[in-house]
Structure formats: C-alpha cells, structure tokens
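In what follows, chains carry the letters A, B, and so on, assigned in the order in which the sequence lines appear, proteins first and then strands, with residues in each chain numbered from 1. Model, not experiment: these values are computed from the prediction.
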Number of protein chains: 2
Amino acid sequence: MANIDIKFIAKKSGCSIATVSRVINRSKPVSEKLQKRVVDTIRKYNYNPSVHAQYLAGKKSKLFGFIMTNYINQYQLLLFRYLNEFACKMGYGCIIRYCNSGFEEKLEALRELEIRGIEVCFSLFLPSREEEAYIKEHFRIKVCHMQSPEMRLNIMEKNESSVYETICYLAQLGHRRIGGIFCIDEMDDSFLIARKRGFLRAVKQMQLDQEESLIGQIHGDYEKSSLISVIEKIFVPQKLPTALFCFSDEVAIEVMSWIMKHGYRIPEDVSVVSFDGIPFSERITPSLSTISQPVEYQAKSIINGMLYLQDGVERPCDEKENEYLLQIRDSVGIPGHYEK
Amino acid sequence: MANIDIKFIAKKSGCSIATVSRVINRSKPVSEKLQKRVVDTIRKYNYNPSVHAQYLAGKKSKLFGFIMTNYINQYQLLLFRYLNEFACKMGYGCIIRYCNSGFEEKLEALRELEIRGIEVCFSLFLPSREEEAYIKEHFRIKVCHMQSPEMRLNIMEKNESSVYETICYLAQLGHRRIGGIFCIDEMDDSFLIARKRGFLRAVKQMQLDQEESLIGQIHGDYEKSSLISVIEKIFVPQKLPTALFCFSDEVAIEVMSWIMKHGYRIPEDVSVVSFDGIPFSERITPSLSTISQPVEYQAKSIINGMLYLQDGVERPCDEKENEYLLQIRDSVGIPGHYEK
DNA sequence: TTGTATGCGTTATCAG
DNA sequence: CTGATAACGCATACAA
C-alpha cells in the first residue's frame, strides 16, 4: 500500500494537494462539498500530516521542552503531569530532559532541545541573572521558569503569605515554640527563601520564641545525615518545640518517621506542618497537614505562558484559582491538650 | 544574518552541500583537508542540521516515545530518569505522554506519538494480549514494555526469585509468621504477580504460618482506606506477624507510619521488608530494608531494546549487572530478641 | 573525491 | 473557490 500522505488523500478525494492542505488548516475557504469529501477520506485512511514536513514548510514545532532537575520531588512530578496534560490538550508534545545543576550541562540540554526545533522550554532550575543573560545572548530557544513574569504565578508573594498565615494559625492554637526547617538556595531571591521570610515574619508578629536553635537549614539535595543533625538541633529534650514547620512534604515525612521512632507522639507532643500538598502527604499515618499548592492552576498558567512565548497570544487564567490552601490533618493538635 | 543551514556552511567552506552532508554523516569519504575545513566552519557558526529536514530526507527520527501511567511511583520515576540519560547518550530525545489506564486513551497517546514521527515507544502499562495484537494491527509505531522479550530484563523470574530468597532469609532469622501485602494486577501474568508467587513458594518451602489472614491484596491505584483495612486484617492484636513484606517501598512507608503510630516498634515488634529500592527508602527512620532493583541496568537494557527495534542492531548488556539486591537496613530484626 | 539534481511532505503564493 | 508550483533543509543516486 502506498504511503498515506497528502498526495494520496488528494488523489482519493479527486482534488489537489493544495485543497487538502486548506481543509486541514482551515487556511482558506473550500466549498462544502469538497470539504466533506476530503474530511471523509482523511478519516477513512486515518491520515495524519507529517509534522516534519509541516515544520519545514514554515510552521512552528508544536513541541515544548522541559528541563528537569535530577533532585526532583513529588511536587515537581505532579506539576509535570499536569503540564503534560495541558500541553497535550493544546496540541503540543513534551520533550523532556533531566539535567544536573552545572551550568555547562544545562547549556548542553538547551542545545539538544534547540536542535530539535523547539522554541520554548520550561526549566525547573531557577537561573541566576547572569545565566539568564547568557542564554538570551547565545540561544534562539526561549527559556522560562517558575518565577518568569510571563507565567503569572505570583509565586514569591504566595509562598511568603501562605507560610505566614500558617504559622499564625499555629500560634492561635496555642503554640509558642515553633521550629522550622528551611531550604538554602543558591538564588538570593527564590520562592523557597520566601517561605522562610513568611515564617520569620509570623514569629515576630505573634511574639513567639525566637531562639536560633529552633531554625534549621539544609540544601535542596541534602543528605539524610544533615537533616538528622538539623532535627537533633531542634529537638533538645528539655526544650522541645510543640510544633514544626518543614519547607516540603518529603522533608516532613522523613522528619515524622524520626520523631515517631524516637518515642515522641504526633500531634500529642509535636505538631507537624509542611508545604506542597503532595498526594503522599495524606497517605501516611498520622496524615500530614500541609499547605497545598494549586498545582493544576500552576500548570495551566505555565502552559499559557509558554504558548504566549510561542505565539504572542495572551490567554488569561482565573487568578482566583491560584490559592494556597492550608490542609489541616491529623498531624496538628493543640499543645498541652493531651494526657502524658 | 542569513539562516545557518547546510547551504550556508557549504558556501563558507567553499564546497557543495553534498560534501557538508557527507562530513556530517560520515556517509562517504571526504578528503582530509576539506573535511577539516567543513568541520571548522560548522564549529565556527555553531551549525546544527535540522532534524525535520533530515527526517524528511529519509532519516529516522532520533526520538523515542514514553507512555507513563498516571499512578506513577518513585521507582518508575527513577527508571525514567535513567532512560532519559541513556537515550540522550545515544543521541535520542524523549517525548513523554502521561495517560490513564483506559485503552482508548492509550490509543490516543500512541496516535500522538506516531504523528510526531516516532517509531518506537516504551509503555509503563503492561498491555494484554488482545491490546498488543490490536496495536500491532493498527499502528506503525512499535510499542514495547517491561516484559517485552527484546528488553531482555528477565523480569518475571528475577522478581519471583528475589522475593523467594528474601522470605527465606527472614525465616532463617527466626520469623515464622510473615505477612505479605501484594498488588492485584489486571494482567494474569505480570511481574507484580510473580512477587506473590515467590512469597508463597518460600512460605511453603520453609513451612511458615500459612493463614489466609496474613496476606493482603490491593490494587495498583489503591485508596488509603483499603490499605488500612488490609493492615488491620494482618495486624490482629493477639496474633501479630513478626515480619511483613510489601510489594513496593511506597506501600511499606505508608504501612510503617501506621505501625509506629499504633505503638508497635520496628523492628523490635515487626520487621518490614519491601521491593524497589527507591532512594526514599533509606531516608526514613528506621531505614527501610528493601530488594533494590537494578534500575540503571534496566534502563540501559530498555534503551538497547528500543534501539534494536529502531535499527535492528543488537547491543548486548552485561547480564551480571541485572541483580536484585536485598538491602538489609534498620527495619529488620530478629524476632523475640529485644526486651519488651 | 567532489558536485549536481532529485525527492521527501507540507504550506503558501500566484494564477486561473 | 481551486490548482499548479516554488520553497523549506537535508540525504543520496548519479554524474563527473
């Protein structure tokens, strides 16, 4: 059987390839009769135009690139799942590339994407100002990320304020001594740092204990041992915190297993709250209280941003859905409210 | 500035585009001098041939497709990271598509991949015989999966035997009452089922307690509540098992948090062992004993299989690396060996 | 060893 | 409204 291409369809429909093309792209009017005939044969032979030929003939690539960090967490995974879903819905394919954090390696990844004719890519890495400038100078491909203005995620403010409110809530429950585990980021001004800012602001505002020993910091790709030293720094026997905030659910889960293994009860002795709202957070026992991110909104908003970078058309998102929701579950309780 | 295409490079190198093409593809000998000149200008202008044009001119697509289940776990994520790495090393890009388990949706995903000129794709879903036949009949794209013979993973046997050996090991430690949580699969003969077979064989062989209440089954996309009923079925107060096997690390982590929350100690009261060897398994407290899969080998072997499907060239893998290793960590102990 | 010319499947321009 | 045809960037058969 012959290859099913535009020529084949044209012959079977008794018209020229130009007409078939017009039917496919709705680029120029075609008489109803002919239109129907063409559509029918396309259906009949299950014809699909070759994207490669389309691209060569001047069309855009319909392919988005995604650069993933090697230290991916479940939140990022979930985000990507939605990104994939929305990209598909808009007719775009997703080409993915894992990458270590070295700048050279990121450039290599960009090069690969560029070769494949991709024009817009999303990176889970937050680039520094210099990196961003370098890329703009040397690449045709447009790179965006969580903090790019086109994404309209308002992510810094949302992170700061949701943590602030969470800590205030704990204070209102009666917690006066709240520990916090945060992420050190290479970027001066990332949304991860914003979480710490929100925490500190609430501590000050609510006049909670401000001891330095209540705060721990670890890197994004921390070792288990360094997390444990942070926990041990915070959990000093005579002066335990009654609550603990962790910058991510995964860290919280590690911490909770440590706490329970060491004979403390959650939430009777310590309440735990974290950030992200990954599905796993409600599966463990006790279920983890967490600030759940609007992943679906974020994904939609990012894809809209990428489409904008691709074709210049703005697609507004409903800002109201951009809500960070504190999910109170079993890991949070009232201090001093249980028998010893 | 003109577009940097093969014509541009040809002009700058003072030769024809045919020669440039030959240098790029090493398809025919080119004199050393000319070769060098061409290579230099390619470098100088950072020229990259258009994959679309190459494809159109008869070359293969250099793109692999991957169909991911929506209920992805960390093991699958890790596997995909390595798949991505090895595919990149071989000059292939990875286009990814998440998908629910409905057959229609899988077909839609395949269609999308096929349109993009992809010839080989890997699916995390295990297709039934009928599904496989249907796809072969209706699609040009070749679909492979964990149990495809071309992948040479020997996965059924490896799963069965590694679980068998693990349970024997526990028996030798003195465990006589071992619980097991397994996955119900729609496929009659999947590697997930093989894990249960290995368990049952060992129980029989070592003459361990065979009560039906020691065994629980859940679906791949189980709810938390159904896991908890399974746990409660196994953890009957007067006749606790001294050890528990879980078919995946993620299930084990959920189970462990339940166990600790309910006042049992790990491993003093119950030992826990599971399957996969995801990084998170050693991060929790106590660290989780698990049968770690040779993810890196598997990924390499899968990519080799996909390359074989693409170009017919066999690339042998070192079978010795296909080893499932029981990692004994803190979650395993000797029964009756601790003070109450 | 090198160059010329054709074709790959599509879109877009220009005539009819 | 429709059809012929020139691009698009590359590989390759054929000619030199």
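For A/N322 (side chain) and A/Y297 (main-chain N/O), no donor-acceptor pair under 3.5 Å exists by modelled atom type.
Salt-bridge annotation for B/K136 and B/E132: absent, with no side-chain N of the basic residue lying under 4.0 Å from a carboxylate O of the acidic one.
Residue B/K36 contributes atom NZ, which lies 20 Å from atom C1' of C/dT2 at whole-angstrom precision. In this structure, B/I115 places its CD1 atom 15 Å from C1' of C/dG9, rounding to the nearest Å. Across the protein-nucleic acid pair, A/K11 atom NZ and D/dA4 atom P stand 13 Å apart, rounded to whole Å.
A donor-acceptor contact under 3.5 angstrom links the side chains of A/Q298 and A/Y75, judged on distance only.
Residues meeting the salt bridge (charged side-chain N to carboxylate O under 4.0 Å, His left out) test with A/K44, sequence neighbours left out: none.
Aromatic ring pairs are classed by plane angle as parallel below 30°, tilted from 30° to 60° and perpendicular above 60°; the pair A/F66 and A/F64 is perpendicular.
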Handout entry: Base-contact (B) and sugar-phosphate-only (S) positions in nucleotides 7-16 of chain D, heavy-atom cut-off under 4.0 Å, - elsewhere
Key = -BBBBB-B--

